[in-house]
Colleague: 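Okay, handing you the structure first.
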Amino acid sequence: MSGGSGFDSATLISAGYALTSEELASSGVQASDDVAEYALRLGDDALILAQNMLWWVSRAPELEEDIALGNVALDLLGHARVLLTFAGSASGKSEDDLAYFREEEEFRCLHLVQFPGHDFGETIARQLIFSHYAFEQWKRLENSADATIAAIAAKASKELDYHVDHAEQWTQRLGLGTEESNRRLQAGLDYFWPYIDELFEDDEFIEKLGPVAVRPSELREDVMARITTAIEEAGLRVPEVKQAVTGGRRGEHREALGHLLAEMQVLARKHPGVTW
C-alpha cells in the first residue's frame, strides 16, 4: 500500500468520521493485489445484499420499517462503495467499473446474499444470519494488518451492531407474534439455513492473507451461538437441513445473481458514462 495526496493511510481519518469512497479515492491509498481481492469479497457481499434489500423501499409492512430497511440497505451500499473503491485502487478501476461492468463469474459474493428474499420472513431470517456474521467479522477486522481495511471495519462494525439489533427485534416480534408470523419466519430460516456453511469456509487465499483477513472458520462458534440464542428465545427452532454446495467466493453462483445483475447493471451498460 502506498500513500499520496497527503495521506499515508486511511487510518488518518479519525474515529467516528465518515470514511467515504470519495475520501478514500482522493487519499491515493493503493491496495496490493491480494488485499484488493479480499476487499472485493467483502464489497460484493455488501453490494448484492444492498441491492436485494432496496427492493423493500415502498414495499415494507409499515412506514417506519420502510425507512429502517432502506437505511440498512444504504449502510451496506456505503460499505460496498468504499470497499470496491479500495479494491479498484490496485487496478485503476472505479467502484462503478467493479459494480456495473463485471460479468457474473467475476463476483465473489456469498450465495446467502444472492436470493431476493421478497417474503418479509425470509428477509428477517437472512438479516439475522448475515448481520451476526458480518458484525463479528468486522469487529475482528478492526485489528487487520491492513490499515485501510481496519479503518473501514471501525465504521462498518458500528453500523452492523444496529443491523443485529434490528434483526433480533424483528425475530422476537415475528417469532412470538401470531401463528402465521412464526410460521413465515421459520420458513425463512429453513430457506436460508443451507447456505450457512459457506460463511465459515476457509480457503488457500485466506490463509495467504494472514493477519490482513479473518479466518471464516474462527467466526463460527460465536456467530452460531448468538443466532441460536435469538432463534430459541423467539420460540423458533434451529433448522436441521442439508448444507448446499458452496462456490460464491470462486465465482460459482446461484441463478438468482444473474437476474439481479441484469437489473442492477442495465442502465450503466446501456448508457456508459452517463451522468444525472
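Remember, predicted model here, so these are calculated numbers, not experimental data. Numbers here simply count residues along the sequence, with the first being 1.
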Colleague: Run the side-chain contact (heavy atoms from CB on, under 4.5 Å) test on K139 and V214 for me, step by step, so that the C-alpha distance in whole Å, both residues' side-chain angles and the decisive distance to 0.1 Å come before the verdict.
Modeller: CA-CA 10 Å; K139 283 299 293 180; V214 170; over 6 Å; no

Colleague: Could I get the full list of side chain to side chain contact (heavy atoms under 4.5 Å, CB included) partners for V266, not counting sequence neighbours?
Modeller: none

Colleague: What's the shortest heavy-atom distance between D66 and S58, and which atoms?
Modeller: OD2-N, 2.6 Å

Colleague: Assess whether side-chain contact (heavy atoms from CB on, under 4.5 Å) is satisfied between T123 and W170, documenting all intermediate values.
Modeller: CA-CA 10 Å; T123 284; W170 269 106; over 6 Å; no

Colleague: Are L261 and L267 linked, directly or through other ILVMFWY residues, by side chains that come within less than 4.5 angstrom of each other?
Modeller: no

Colleague: Apply side-chain contact (heavy atoms from CB on, under 4.5 Å) to residues Y195 and I129 and explain how you reach the verdict.
Modeller: CA-CA 10 Å; Y195 307 102; I129 297 167; over 6 Å; no

Colleague: Between R250 and E105, does any NZ, NE, NH1 or NH2 come within less than 4.0 Å of an OD or OE carboxylate oxygen?
Modeller: no

Colleague: Give a yes-or-no answer on whether the side chains of T246 and E201 include a donor-acceptor pair shorter than 3.5 Å.
Modeller: yes

Colleague: Give me the ring orientation class for H253 and H111: parallel if the planes are under 30° apart, tilted from 30 to 60°, perpendicular past 60°.
Modeller: perpendicular

Colleague: For E168 and H163, run side chain to side chain donor-acceptor pair (under 3.5 Å): C-alpha distance rounded to whole Å, both residues' side-chain angles, the deciding distance at 0.1 Å, then the answer.
Modeller: CA-CA 9 Å; E168 288 198 343; H163 299 184; over 6 Å; no

Colleague: If the test is side-chain contact (heavy atoms from CB on, under 4.5 Å), which one of D44, L260, L47, L42 qualifies with C109?
Modeller: D44

Colleague: Just one of T171, V72, V164 clears the side-chain contact (heavy atoms from CB on, under 4.5 Å) bar with Q127, so which one?
Modeller: V72

Colleague: Going by side chain to side chain contact (heavy atoms under 4.5 Å, CB included), name the residues that satisfy it together with D96, two or more places apart in sequence or in a different chain.
Modeller: S94, Y100

Colleague: Give the intermediate values and the outcome of side chain to side chain donor-acceptor pair (under 3.5 Å) for residues D165 and Q169.
Modeller: CA-CA 6 Å; D165 182 61; Q169 286 193 39; 2.8 Å; yes

Colleague: side-chain contact (heavy atoms from CB on, under 4.5 Å) between R102 and L84: does it pass, once the steps are laid out?
Modeller: CA-CA 12 Å; R102 274 185 297 157; L84 294 187; 4.2 Å; yes

Colleague: With a cut-off of under 6.0 Å to the ring centre and 45° to the axis, is R254 in cation-pi contact with F115?
Modeller: no

Colleague: Does NZ or CZ of R140 fall inside the cone over W138's six-membered ring, less than 6.0 Å from its centre and within 45° of the axis?
Modeller: no

Colleague: Tell me whether the NZ or CZ atom of R59 lies within the 45° cone about the ring axis of W56 and under 6.0 Å from its centre.
Modeller: no

Colleague: For A46 versus L76, what's the shortest heavy-atom pair and its separation?
Modeller: CB-O, 3.4 Å

Colleague: Any salt bridge between R183 and D190, counting N to O under 4.0 Å?
Modeller: no

Colleague: If you count heavy atoms of other groups shown closer than 6.0 angstrom to CD of E240, is the number above 12?
Modeller: no

Colleague: Are F101 and F86 linked, directly or through other ILVMFWY residues, by side chains that come within less than 4.5 angstrom of each other?
Modeller: yes

Colleague: Using a strict threshold of under 4.0 Å (side-chain N to carboxylate O), is an ion pair present between K93 and E106?
Modeller: no

Colleague: Can you name the closest pair of heavy atoms from G117 and F192 and give their distance?
Modeller: CA-CZ, 4.4 Å

Colleague: Answer yes or no: is there an ion pair linking R226 with E136, defined by an N-O contact shorter than 4.0 Å?
Modeller: yes

Colleague: Do the charged groups of R108 and E37 touch, with an N to O distance under 4.0 Å?
Modeller: yes

Colleague: Identify whether the distance between the nearest side-chain nitrogen and carboxylate oxygen of K208 and D203 falls below 4.0 Å.
Modeller: no

Colleague: Are E95 and S21 close enough, and set up right, to give a side chain to side chain donor-acceptor pair (under 3.5 Å), and what steps lead you there?
Modeller: CA-CA 8 Å; E95 56 179 296; S21 58; 3.1 Å; yes

Colleague: Could you check whether any side-chain N or O of D34 sits under 3.5 Å from a backbone N or O of L209, counting only pairs where one atom can act as donor and the other as acceptor?
Modeller: no

Colleague: Would R249 and E198 pass as an ion pair if we require N to O under 4.0 Å?
Modeller: no

Colleague: Answer yes when K155 and E159 have at least one side-chain N-carboxylate O distance shorter than 4.0 Å, and no when they do not.
Modeller: yes

Colleague: Do E23 and T20 get their side chains close enough for a donor-acceptor pair, meaning under 3.5 Å?
Modeller: yes

Colleague: T85 side chain to A25 main-chain N or O, any donor-acceptor pair under 3.5 Å?
Modeller: no

Colleague: Check which hydrophobic residues are tied to V245 through side-chain heavy-atom contacts below 4.5 Å, counting indirect links as well, and list them.
Modeller: none

